[in-house]
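See structure below.
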Number of protein chains: 2
Amino acid sequence: MAPRPAGRPRAFDRDEALRHAAHLFWQHGFSGTSTRMLTAALGISSSSLYAAFGTKADLFAEAIRSYALRYSAIYERAVAEPTAAAVVERLLLESVTEFTRTDEGHPGCLTSSAVMADTSSTFDVRKYVAGLQRTDEARLRGRLEQAARAGELPPTVQATMLADLVQTLWQGLSTRAELGATREELIAVATFAITLIPQESTNS
Amino acid sequence: MAPRPAGRPRAFDRDEALRHAAHLFWQHGFSGTSTRMLTAALGISSSSLYAAFGTKADLFAEAIRSYALRYSAIYERAVAEPTAAAVVERLLLESVTEFTRTDEGHPGCLTSSAVMADTSSTFDVRKYVAGLQRTDEARLRGRLEQAARAGELPPTVQATMLADLVQTLWQGLSTRAELGATREELIAVATFAITLIPQESTNS
DNA sequence: CAGATTATGGAGCGAATGATTCAGAATAGA
DNA sequence: TCTATTCTGAATCATTCGCTCCATAATCTG
């Protein structure tokens, strides 16, 4: 269903190139990454890069889009857990694992790279990422409110407040990953935070 | 005690120029902010800028330092509190207030702006900021370890771990401030988080 | 006043930037 | 094989970059 198009075939793996590019963007930022750094790292010429991805801003936008979806997927899997505690635990731990991935040229956490405003691409990266995160937050809040109605949370704990707290932790873990914290450190922090969240009677 | 030096006096306010420069750097990052943007926004010529601040990296570093000092001051005041709980509370609440300042052209929070996302080959921004924050983190950790030795914390709570958690919350609050959260929301989150931190017997 | 000192604006340097052009190479369908 | 199509590498375009030079202006001390 993906018929080889006419013409000379591309001599490099587009997906792999995209991953390398994302890695560079994550390390140096948008303006901090030059097209020459990209072509050198990808091992292709400038014209090949432009033919495959368009302008630098287009390439950046595509990199952001392809990786931002991973976070949404984590939220989606997390809220499917049966209890509020399991939801929070899975969300934080899987996110930490994702933030600190270094294998296969994975770019790490792109959230703060996305904050850049001056891309001037036709695609508004900032707005896109902000919207995606709003959706994720809403999903978590909805799930915790549902848990509250099910009596999973002590009456002193408002679901919205707990969602805000988890979200704050999530952002903090992301930032610390970017500052160089190791996976073990962040997992320890996340685990510790989870133990502090009060649950209804069944435990502690 | 600040005798007017010989020579032609500077025609612009150095501190105000530094604030403007910081504002631009926060918005566009280091490599995203050109010297021409700076001179245009500051209303001065290139030679004046270089005479007053040195290179672009020097100007950037000075801008970072001047704002990092605010956070250091908060940490310093916080660790002077008599109890661990008071330390954490003061740290988080005062930081939130600082993060959400909007007066006098305050450029917003340093740590989660575009500053962190945009580096250059000649200046490793992340490493520089991380280094400045390490001092604050060490101060907090030392204070909590002291509290642990004084028996203020339950034996199940390691001081280092608690410090890491508070630090993670701090980063998260900063990011959420940058994303547009209001002061009231963040204060509510911080207050809620503080209530979850266990204390030794004297208070439930 | 004269001499020393410092700041200013404008011009412009060499290097790097994002992006394009173009002749040629590699494929598909006919 | 021939034509249409697509990709490649090298050269290179115009622009912008960080930064400096320099003649001049404004202030100091004496």
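Numbered from 1 within each chain, the chains take letters A, B, ... in sequence-line order.
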Take the C1' atoms of the five end pairs on each side of the helix from C:dC1-D:dG30 to C:dA30-D:dT1, get both axes, and report the angle to 10 degrees. 20°

At under 4.0 Å between heavy atoms, what does A:Thr33 touch on the DNA or RNA strands: base, sugar-phosphate, or nothing? sugar-phosphate

Would you say the side-chain atoms of B:Gln171 and B:Gln133 include a donor-acceptor pair closer than 3.5 Å? yes

What is the separation between atom NE2 on B:His28 and atom P on D:dT16, rounded to the nearest whole Å? 16 Å

Fit a plane to each ring of B:Phe53 and B:Phe12, take the angle between them on a 0 to 90° scale, and name the class: parallel (under 30°), tilted (30 to 60°) or perpendicular (over 60°). tilted

Please check if the number of heavy atoms outside A:Arg134 that lie under 6.0 Å from its CZ is greater than 12. no

Please report the distance, rounded to the nearest Å, between CG in B:Asp58 and C1' in D:dC19. 12 Å

Go through A:Tyr67 and A:Trp26 one step at a time and tell me if the ring pair (Phe, Tyr, Trp, His ring centres under 6.0 Å) criterion holds. CA-CA 11 Å; A:Tyr67 284 94; A:Trp26 164 73; over 10 Å; no

Are A:Glu62 and A:Arg14 ion-paired here, with the side-chain N under 4.0 Å from a carboxylate O? yes

How many Å lie between CG on B:Asp13 and C1' on C:dA7, as a whole number? 15 Å

Look at B:Arg141 together with B:Asp164 and state whether they make a salt bridge at an N to O cut-off of under 4.0 Å. no

Nearest-Å distance for atom pair CZ/P, residues B:Phe12 and C:dT6: 16 Å

Qualifying residues under ring pair (Phe, Tyr, Trp, His ring centres under 6.0 Å), relative to A:Tyr128, sequence neighbours excluded: A:Phe123

Between C1' on D:dG9 and CZ on A:Arg36, what's the gap in Å once rounded to a whole number? 14 Å

Specify the separation, in whole Å, of atom CZ of B:Phe53 and atom P of C:dT8. 10 Å

Any residue of residues 40-51 of chain B with a heavy atom less than 4.0 Å from an atom of DNA chain C: B:Ser45, B:Ser47, B:Ser48

Rounded to whole Å, how long is the line connecting atom CG of B:Leu38 with atom P of D:dC19? 11 Å

Taking A:Glu98 first and then A:Arg101, would you say they form a salt bridge - that is, a charged N and a carboxylate O separated by under 4.0 Å? yes

Phosphate OP1/OP2 of C:dT8 contacted by B:Arg8 side-chain N/O (<4.0 Å): no

Where is the tightest heavy-atom contact between B:Leu93 and B:Ala190, given as atom of each residue plus distance? CD2-CB, 4.0 Å

Protein-nucleotide distance (A:Phe25, atom CZ; C:dG18, atom C1'), rounded to Å: 12 Å

